[in-house]
Amino acid sequence: MRITFYGGAEEVGRSCVVLEDRRKRMMLDCGIKLGEELEFPLIDDNELKRINEIVISHAHLDHSGYVPHVYSKRARPKIYSTKPTRDLMGVLLADYNKIQTGKGRRFFGQKDVDDVMRDVNIVEYEDCVKTGSFPFTFYNAGHIMGSAMTLVKVNGGLLYTGDIAFRKTRILDGCKMNLKAETLLTETTYGKKEDVLPSLKEASSKLVKIINETLDKGGHVIIPSFAVGRAQEVLMALDDYMRSGALAPSKIFIEGMIGKTMRIYRHNAIYANDDIKKRILMSEDDPFKSPNFHYSRSKTKEDVLAEPSIIVSTSGMLSGGPVMFYLEKLGENPKNTLIFVGYQAEGTLGRRILEGQREITLGGKELKLKMRIERVKISGHADFSELLQFIRGVKGLKRVFLMHGEKSDLKDELEKKYEIVVPRLLETYGI
Ligand SMILES: [Zn+2]
Ligand SMILES: [Zn+2]
């Protein structure tokens with residue numbers, strides 16, 4: 001069997017791996033890379049027509065964003081995902097299409113998105129799926145709702161992690177451990193030794209402290225967040241702390257696509273952990289519909305800006321979305337605070353601000369950021385030591401491909417025990 005990396009090699013973004021033997025081809029993820037420029041998997045359009053199946057690990061666009069492009073090239077591979085992934089993908093792809101069309105870049109149409117949605121084959125966790133090419137099983141990856149690791153039943157087992165998170169969060173259980181596979185393709189977003197994530201409790205209390213200090217001064221808090229995953233976790237945490245009295249009462253405004261994705265989380269609550277399911281099933285206390293959550297009713301956002309409040313808004317890396325409006329309105333006032341909670345990729349405005357840049361240009365306007373800038377790591381990914389623990393837990397493991405990461409220290413840690421490969425773009429490996 002051959003494995004080719006068309007994306008997601010030595011980078012975070014455009015995850016796209018193809019497994020093939022003489023007759024069959026299965027694509028694991030089909031994502032795009034969202035930076036200043038869009039980047040696509042380096043696969044030829046003609047090659048797309050020869051793909052039998054695409055298996056999507058989760059809805060984030062760096063894993064699913066290229067699927068409608070495939071359709072627009074008239075290729076029709078079979079597509080597999082979990083139900084939450086399908087539902088969330090529908091929202092993210094439609095939004096991506098709208099944004100690109102708005103920028104005068106049209107790669108596919110809404111019809112392609114609709115066709116993809118109609119054609120997705122829904123797979124439940126732990127069911128064995130017999131496809132036309134290689135049989136596979138999904139296991140919970142703990143990263144966002146519906147996220148799945150794919151165990152392909154070939155050559156002693158090939159496990160593709162997609163994105164994984166280790167810890168139980170407010171909404172999800174951690175990823176499934178100790179699976180059996182000879183070959184592992186793992187994400188390495190936090191693959192550096194210094195990538196140590198604080199416990200959820202530590203992170204939350206830091207978050208609460210910063211927010212209280214800001215509200216106390218009469219300021220606003222902006223939390224840029226991805227629409228899917230981090231946003232829901234942060235909102236649940238804020239709601240919990242506000243209910244307990246630890247967090248000062250104020251309105252929590254939900255902006256951008258986060259409202260829509262919250263509804264999808266609610267519809268798919270069966271995929272959440274038992275705590276959430278119990279709250280929904282056994283009480284009137286639906287955490288997704290908390291009275292603390294608010295949606296702006298004004299185009300000019302007067303209701304949000306009128307009094308100190310917390311704004312959770314897309315996009316997570318400050319590459320567009322309503323958060324840009326708030327940054328422009330609130331960025332020059334030292335009373336306000338910007339809190340990064342997620343990963344900031346190289347080349348994004350979020351990363352530059354995090355690295356100390358304070359003079360920025362927004363919509364052609366020069367802006368000097370005087371607001372407080374903070375970082376609270378609430379991650380949807382396993383950190384360095386968790387990745388090691390996960391990898392060492394895989395039974396019968398012989399070789400590991402380290403992907404979906406920029407630079408990592410994992411190779412040094414692991415090469416005594418396993419064959420370690422850091423694949424390059426467009427390289428093919430035989431196993
Ligand atoms: Zn992801
Ligand atoms: Zn990813």
Side-chain angles (χ1 to χ4, degrees), residues 1-5 7-12 15-21 26-29 55 57-58 63 123 125-129 131 133-143 147-168 173-193 195-197 380-424 427-431:
M1 162 181 269
R2 286 146 48 93
I3 309 175
T4 306
F5 293 81
E10 298 182 302
E11 62 185 347
V12 175
S15 282
C16 182
V17 182
V18 173
L19 310 179
E20 63 175 305
D21 65 11
M26 172 183 273
M27 183 181 276
L28 299 172
D29 278 342
V55 181
S57 69
H58 66 288
H63 299 260
V123 175
Y125 290 135
E126 314 211 358
D127 275 357
C128 181
V129 184
T131 67
S133 60
F134 311 110
F136 75 91
T137 303
F138 274 153
Y139 292 94
N140 176 32
H143 167 65
S147 63
M149 298 188 281
T150 309
L151 180 58
V152 186
K153 309 228 163 93
V154 286
N155 296 23
L158 180 146
L159 180 61
Y160 171 75
T161 62
D163 292 354
I164 46 170
F166 213 70
R167 308 170 190 184
K168 181 177 180 231
D173 286 319
C175 64
K176 182 102 178 169
M177 298 283 290
N178 307 322
L179 292 167
K180 199 166 166 272
E182 275 185 22
T183 305
L184 174 68
L185 276 64
T186 182
E187 70 124 318
T188 57
T189 313
Y190 290 113
K192 285 197 208 119
K193 267 195 182 134
D195 289 331
V196 183
L197 293 171
H381 294 271
D383 71 4
F384 179 74
S385 67
E386 291 168 339
L387 278 173
L388 283 178
Q389 205 181 326
F390 175 83
I391 294 166
R392 288 177 179 142
V394 177
K395 290 185 205 147
L397 186 62
K398 290 185 179 159
R399 65 191 73 79
V400 186
F401 290 86
L402 303 172
M403 56 178 298
H404 194 290
E406 281 164 9
K407 259 202 179 80
S408 92
D409 301 316
L410 291 160
K411 187 172 194 275
D412 303 342
E413 292 285 329
L414 294 164
E415 63 191 350
K416 269 196 204 116
K417 200 169 164 206
Y418 311 102
E419 177 194 342
I420 303 292
V421 186
V422 182
R424 295 229 173 113
E427 272 182 356
T428 297
Y429 303 84
I431 60 163

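Residues take their numbers from the sequence shown, with the count starting at 1.
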Enquirer: If the test is side chain to side chain donor-acceptor pair (under 3.5 Å), which one of His404, His58, His63 qualifies with Asp29?
Expert: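 Among His404, His58, His63, the one meeting side chain to side chain donor-acceptor pair (under 3.5 Å) with Asp29 is His63.
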Enquirer: Within the 4.5 Å heavy-atom criterion, are Glu413 and Arg392 side-chain neighbours or not?
Expert: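 Glu413 reaches Arg392 side chain to side chain.
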Enquirer: Before giving the answer on side chain to side chain contact (heavy atoms under 4.5 Å, CB included), spell out for Val123 and Val55 the whole-Å C-alpha distance, their side-chain angles and the decisive distance to 0.1 Å.
Expert: CA-CA 10 Å; Val123 175; Val55 181; over 6 Å; no
Enquirer: What distance separates Arg167 CZ from Cys175 SG, expressed to the nearest 0.5 Å?
Expert: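 Going from the CZ atom of Arg167 to the SG atom of Cys175 covers 11.5 Å.
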Enquirer: Hey, is Glu406 close enough to Lys192 for a salt bridge, meaning N to O under 4.0 Å?
Expert: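 No, no charged N to carboxylate O under 4.0 Å.
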Enquirer: Count the heavy atoms belonging to other residues, nucleotides or ligands that lie under 6.0 Å from NZ of Lys398, then report whether that count exceeds 12.
Expert: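 Result for NZ/Lys398: open.
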Enquirer: Kindly indicate whether the side chain of Leu410, heavy atoms from C-beta on, has any atom under 4.5 Å from the side chain of Phe384.
Expert: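 Yes; the side chains approach each other to less than 4.5 Å.
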Enquirer: Under a 3.5 Å distance rule, please check whether Glu187 uses its side chain to pair with a backbone N or O of Ile164 as donor and acceptor.
Expert: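 Here the side-chain-to-backbone pair exists.
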Enquirer: In Å and rounded to the nearest 0.5 Å, what is the OG1 to CG distance from Thr186 to Leu159?
Expert: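 Output value for this atom pair is 8.0 Å.
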Enquirer: Between atom OG1 of Thr188 and atom CD of Glu10, what is the distance when rounded to the nearest 0.5 Å?
Expert: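 Reported to 0.5 Å precision, the distance equals 10.0 Å.
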Enquirer: Does the ring center of Phe136 lie less than 6.0 Å from the ring center of Tyr160?
Expert: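 Between Tyr160 and Phe136, which both carry aromatic rings, the centre distance is not below 6.0 Å.
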Enquirer: Of all heavy-atom pairs between Tyr429 and Val422, which one has the smallest distance, and what is that distance?
Expert: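 Reported closest heavy-atom pair: OH-O, 4.2 Å.
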Enquirer: Measure across Met149 and Phe390 and return the closest heavy-atom pair with its distance rounded to 0.1 Å.
Expert: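 The pair with the smallest heavy-atom distance is SD-CZ, 3.6 Å.
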Enquirer: Over all heavy atoms of both residues, which pair between Tyr190 and Leu387 is shortest? Give the atoms and the distance, please.
Expert: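 Minimum heavy-atom separation between Tyr190 and Leu387: O-CD1, 3.6 Å.
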Enquirer: What I'd like to find out is whether the side chain of Phe138 reaches to under 4.5 Å of the side chain of Thr150, using heavy atoms alone.
Expert: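 With C-beta onward as the side chain, the pair touches.
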Enquirer: Which atoms form the tightest heavy-atom contact between Phe166 and Glu386, and what is the distance?
Expert: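 The pair with the smallest heavy-atom distance is CE1-O, 3.4 Å.
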Enquirer: Which atoms form the tightest heavy-atom contact between Asp173 and Asn140, and what is the distance?
Expert: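 For Asp173 and Asn140, the tightest heavy-atom pair comes out as O-ND2, 3.3 Å.
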Enquirer: Give me the atom names and distance for the closest heavy-atom approach of Ala148 to Tyr125.
Expert: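 For Ala148 versus Tyr125, the nearest heavy atoms are CB-CE2, 4.0 Å.
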Enquirer: Does Asp412 offer a backbone N or O that forms a donor-acceptor pair with the side chain of Glu415 under 3.5 Å?
Expert: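 Not confirmed, Glu415 side chain does not pair with Asp412 backbone.
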Enquirer: State the NE2-NE2 distance between His381 and His143, to the nearest 0.5 angstrom.
Expert: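 Between atom NE2 of His381 and atom NE2 of His143 there are 4.5 Å.
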Enquirer: Out of curiosity, Leu19 CG to Phe134 CZ, how far, rounded to the nearest 0.5 Å?
Expert: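 With rounding to 0.5 Å, CG (Leu19) is 6.0 Å from CZ (Phe134).
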Enquirer: Nearest 0.5 Å please: distance from the CG atom of Leu28 over to the CE atom of Met403.
Expert: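 Leu28 atom CG to Met403 atom CE measures 8.5 Å (nearest 0.5 Å).
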